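Keep in mind it's a predicted model, so treat the numbers as computed, not measured. For the numbers below, each heavy atom of this structure counts, side chains included, while hydrogens, waters and symmetry mates do not.
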Amino acid sequence: MMKKRLLVLILGLFVLFFMGCQKPITEDPDITGKIFEQGSNTILVVSDIDDVNVSYETWFNEGNNAIQFSVNDDTVIMKNNASVDASYLEVGQTVKVWSTGVLAESYPMQGTARQIIILK
């Protein structure tokens, strides 16, 4: 009985340890582009635009990759290799963004940001 409890305890600690370890981001970002719009808890990132003063119709009609991300307390935001909060996000910044999982297949696509790296 004691061996069984010890085994259950070890397995439980093992599961908790690996659940607490965040997977390092090694895959390519879901998008690299400029923050085109920003809401209270969202950013719209559009790829292949040089200027955020272009009209929505311009990049929409060209079919640029665009993703609307929800940004929450779990989103990791990095600038100059330091962790920062969402107040550092601004329209016009170039960013790399990884989602938490599946992106809604709309245009622009929609998802939740897992990590954002501010490039410029």
Can you name the side chain to side chain contact (heavy atoms under 4.5 Å, CB included) partners of D48, sequence neighbours left out? N64
Nearest heavy-atom pair of V71 and A86: which atoms, and what distance? CG1-CB, 4.3 Å
If I compare all heavy atoms of S70 with all of T75, which pair ends up nearest, and what's the gap? O-OG1, 4.3 Å
Specify the closest pair of heavy atoms between A66 and W59, including all atoms of both residues, with the distance to one decimal. CB-CZ3, 3.4 Å
Taking everything shown except D73 itself, do over 12 heavy atoms lie less than 6.0 Å from its CG? no
If you take all heavy atoms of D30 and I67, which pair is closest and at what distance? O-CD1, 4.0 Å
Could you label the plane-to-plane angle of the F36 and Y56 rings as parallel, tilted or perpendicular, counting under 30° as parallel and over 60° as perpendicular? tilted
Smallest separation among heavy atoms of I35 and V52, with atom names: O-CG1, 3.4 Å
I'd like to know if the side chain of T94 and the backbone of L119 have a donor-acceptor N/O pair within less than 3.5 Å. no
Please, which pairs that meet ring pair (Phe, Tyr, Trp, His ring centres under 6.0 Å) have at least one residue in residues 64-90, sequence neighbours excluded? none
Listed partners of S55 passing side chain to side chain contact (heavy atoms under 4.5 Å, CB included), at least two apart: E57, T58
Closer than 3.5 angstrom, by distance alone: can the side chain of D51 be matched with the main-chain N or O of N53 as a donor-acceptor pair? yes
Pair E27 + R114: basic N to acidic O under 4.0 Å: yes
If you take all heavy atoms of I31 and S47, which pair is closest and at what distance? CD1-N, 4.0 Å
Main-chain N/O of T100 paired with T112 side-chain donor or acceptor, under 3.5 Å: no
